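I have placed the structure first, in the form of structure tokens, so that the comments after it can refer back to it.
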Amino acid sequence: MPITHLKFPESGTKISSQNNQLVVPDNPILGYVEGDGIGPDIMRASLRVWDAAVKKAYNGKRKIHWAELFMGEKAAEKYEGNIFPDETRQALQELMVSIKGPLTTPIGGGFRSLNVTLRQMLDLYACVRPVRYYSGVPSPLRHPERVDVVIFRENTEDVYAGIEYESGSPEMRKVEKFLKEEMGATFFEDSGIGVKPISPFGSKRLVRKAIKYAIDNQRKSVTLVHKGNIMKYTEGAFRNWGYEVAREDFGDSTITEDELYSKYDGKQPEGKVVIKDRIADIMFQLMLLRPSEFDVIATTNLNGDYLSDAIAAEVGGIGIAPGANMSDHVAVFEATHGTAPKYANLDKVNPGSLLFSGVNMLEYIGWKEAADLITAAYPEVIRQKIVTYDFARQMENATEVSTSGFADALIRQIDGVGEG
């Protein structure tokens, strides 16, 4: 395929994979998509912070070589209206690790949702959302520090498969006739109809990824979140397939919650991950009342959408919530909020969501030292009350700064010249 607008840096080396493990050189080429609306503002700021942390952590011996990729409105300008060009999709696969700002789907763009299309076309089946509290960030909870979970949300099935039929359409009439006459279903006339596919294949690979993460990162538990008490053959099956994966693929490393109490008297054995499950609506309550009981969450698509945003609100909001979409070999990290077009090009908004997605990206490629520098610098800058407008209006005597000004403060802290 001819490359028309993308240019990879000549001095960098692409990440590769051997035996299902990333092979990361000291000069990796990583892709980035600026995004729409506030995307350019937060991406410019975040790139500076990530580069500063890498330089400080490795004394210049490691360096990211950034390759700009195009999606959304910027792609439409360059590719005659195409908001997701083929060469961008090819580059995301080749580079294996990339990060993107928020994207909009322009009216008439040909996609239901650009983000959903990205996940489906690259089979990025796991949406991974770490949610933890950073000291000093305004929160509605009394003890937000008790929240520290990583959510694995299935990305390709459930209602997000997009199988639905408009009320009164010929397609809807066909499905209605089949359901009522052949399957004996009863529901109101003229109903819009949606189909909710949940498969053993999709469920098991998602849960497998969540359990492997828990084992690799010394997490204590994986909770399967579902609405299986009502939707027994979809959500209930997700739960059952999750336990099956734990038993068959990770039998030496996992125990069920029942076994924890029946065999081990409630005392978790060293090196064992506890697999448990909770009904979705109860899980929302538990994450408010007893969040410290949960560690890694694996759930279906719609449940994961609700849960990840709700739990993010407990620690300061979606504006600082990181995320990534992953397959077995491709990872696209992302800002989890929208494009906020009214703030575009104002250098005003909080870059936290994209910034911490980049922190997770650094951890993912094994550059934990650089990631830790940002993680340590951030609460120090917040402690100094140097914040963007969204936090400034919730804090007394805060110094409100721009997006780029907040990046400046972080870089000063990383370089060791911030305030004590």
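Being a predicted model, the structure only gives us computed values, none of them experimental.
Both tests do not hold together for R393 against Y389: distance to the six-membered ring centre under 6.0 Å, angle to the ring axis within 45°. Because its NZ or CZ atom is both nearer than 6.0 Å to the ring centre of Y160 and within 45° of the ring axis, R153 counts as a cation-pi partner of that residue. F8 does not carry K14 over the face of its six-membered ring by the limits of under 6.0 Å from the centre and within 45° of the normal.
The existence of a salt bridge linking R205 and D123 is confirmed by a sub-4.0 Å separation between a basic side-chain nitrogen and an acidic carboxylate oxygen. Between E334 and K100, at least one side-chain nitrogen of the basic residue sits less than 4.0 Å from a carboxylate oxygen of the acidic one, meeting the salt-bridge criterion. Under the 4.0 Å criterion applied to side-chain N and carboxylate O atoms, K196 and E235 are assigned as salt-bridge partners. Note on R239 versus D277: salt bridge recorded, some NZ/NE/NH1/NH2 to OD/OE distance being below 4.0 Å. With salt bridges taken as basic N to acidic carboxylate O contacts below 4.0 Å, one links R173 and E176. Taking a cutoff of 4.0 Å between a charged side-chain nitrogen and a carboxylate oxygen, K78 and E87 do not qualify as a salt bridge. Salt bridge status for D328 with R208: absent, with no side-chain N to carboxylate O gap under 4.0 Å. Between D295 and K220 there is no salt bridge, since no side-chain nitrogen of the basic residue lies less than 4.0 Å from a carboxylate oxygen of the acidic one. In summary, K55 and D51 do not engage in a salt bridge, as defined by a charged side-chain N under 4.0 Å from a carboxylate O. Note on D415 versus R412: no salt bridge recorded, every NZ/NE/NH1/NH2 to OD/OE distance being 4.0 Å or above. In this structure, R278 pairs ionically with E257, as a charged nitrogen and a carboxylate oxygen lie closer than 4.0 Å.
A heavy-atom distance below 4.5 Å is found between the side chains of L30 and I15. At a threshold of 4.5 Å between non-hydrogen side-chain atoms, the residues V401 and V387 do not count as touching. Side-chain contact between L410 and Q413: absent, with no pair of heavy atoms (C-beta onward) separated by less than 4.5 Å. Side-chain contact check for K227 versus D281: some heavy-atom pair is nearer than 4.5 Å. Between I297 and M283 there is a side-chain heavy-atom pair separated by less than 4.5 Å. At least one side-chain heavy atom of F406 sits less than 4.5 Å from a side-chain heavy atom of Y378. Using a 4.5 Å cut-off on side-chain heavy atoms (C-beta onward), M326 and Y364 make contact. Here the side chains of S402 and T388 are not in contact, with every heavy-atom distance at 4.5 Å or above.
The aromatic rings of F70 and Y79 are tilted relative to each other, their planes meeting at an angle between 30° and 60°.
Among residues two or more places apart in sequence or in another chain, the salt bridge (charged side-chain N to carboxylate O under 4.0 Å, His left out) test is passed with D408 by R48. For E68, the salt bridge (charged side-chain N to carboxylate O under 4.0 Å, His left out) test picks out K74, with sequence neighbours left out. Residues that satisfy the ring pair (Phe, Tyr, Trp, His ring centres under 6.0 Å) test with F294, not counting sequence neighbours, are absent from this structure. In this view, D347 satisfies the salt bridge (charged side-chain N to carboxylate O under 4.0 Å, His left out) rule with no residue, not counting sequence neighbours. Partners of Y213 according to the ring pair (Phe, Tyr, Trp, His ring centres under 6.0 Å) rule, which considers only residues two or more places apart in sequence or in another chain, are F152. Applying the ring pair (Phe, Tyr, Trp, His ring centres under 6.0 Å) test to W241 and every residue at least two apart in sequence or in another chain returns nothing.
Distance alone, capped at 3.5 Å, places no donor-acceptor pair between the N325 side chain and the R119 backbone. Distance alone, capped at 3.5 Å, is enough to place a donor-acceptor pair between the S327 side chain and the H329 backbone. Between the side chain of E154 and the main chain of T156, a donor-acceptor pair closer than 3.5 Å is present. Side chain of W50 to backbone of A370: no donor-acceptor contact under 3.5 angstrom is found. Side chain of S139 to backbone of L141: a donor-acceptor contact under 3.5 angstrom is found. Distance alone, capped at 3.5 Å, is enough to place a donor-acceptor pair between the S203 side chain and the S199 backbone. Side chain of K272 to main chain of D252: a donor-acceptor pair is present (N/O by atom type, distance under 3.5 Å, no hydrogens or angles). The closest donor-acceptor contact from the side chain of S357 to the backbone of G323 lies under 3.5 Å. For Q21 (side chain) and S17 (main-chain N/O), no donor-acceptor pair under 3.5 Å exists by modelled atom type. Counting only distance, with no hydrogens or angles, the side chain of N59 and the backbone of K61 share no donor-acceptor pair below 3.5 Å.
Checked against H337 for a side-chain contact (heavy atoms from CB on, under 4.5 Å), the options D309, I42, I320 give a single hit: I42.
Counting heavy atoms of neighbouring residues, nucleotides and ligands inside a 6.0 Å radius, atom OH of Y233 does not exceed 12 of them. The number of heavy atoms from other shown groups lying within 6.0 Å of CD (E248) is above 12. A 6.0 Å sphere centred on OH of Y243 holds more than 12 heavy atoms belonging to other residues, nucleotides or ligands.
What you find for G338 and I38 is that their closest heavy atoms are O-CD1, 4.1 Å. Counting all heavy atoms, side chain and backbone alike, K276 lies closest to S221 at CE-OG, 3.7 Å. Counting all heavy atoms, side chain and backbone alike, D190 lies closest to S167 at O-OG, 2.5 Å. Heavy atoms only, all atoms of each residue included: A313 and P140 are closest at O-CD, 3.4 Å. Pairing each heavy atom of A280 with each of V225, the nearest pair is CA-CG1, 3.7 Å.
Side-chain polar atoms of D372 and T375 form no donor-acceptor pair below 3.5 angstrom. Donor-acceptor pairing under 3.5 Å is recorded for the side chains of E94 and Q90. If you check the side chains of S353 and T336, you find a donor sitting under 3.5 Å from an acceptor. Inspection of the D41 and T403 side chains reveals no N or O donor paired with an N or O acceptor under 3.5 Å.
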Intermediate values then yes/no, side chain to side chain contact (heavy atoms under 4.5 Å, CB included), V49 and I374:
CA-CA 8 Å; V49 175; I374 301 172; 4.0 Å; yes

Derivation and outcome, side chain to side chain contact (heavy atoms under 4.5 Å, CB included), residues N27 and K63:
CA-CA 5 Å; N27 60 339; K63 181 182 178 182; 5.7 Å; no

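The distance from atom CE of M395 to atom CD1 of I386, rounded to the nearest 0.5 Å, is 10.0 Å. Within the model, atoms CD1 of I29 and CD of E10 stand 9.5 Å from one another, a figure rounded to the nearest 0.5 Å. Atoms CG and CE, from L307 and M287 in turn, are 8.0 Å apart once rounded to the nearest 0.5 Å. Between I198 atom CD1 and M231 atom CE the span is 7.5 Å, to the nearest 0.5 Å. With rounding to the nearest 0.5 Å, the separation of CD1 in I311 from CD1 in I318 is 12.0 Å. A distance of 12.0 Å separates CD1 in I99 from CG in L69, rounded to the nearest 0.5 Å.
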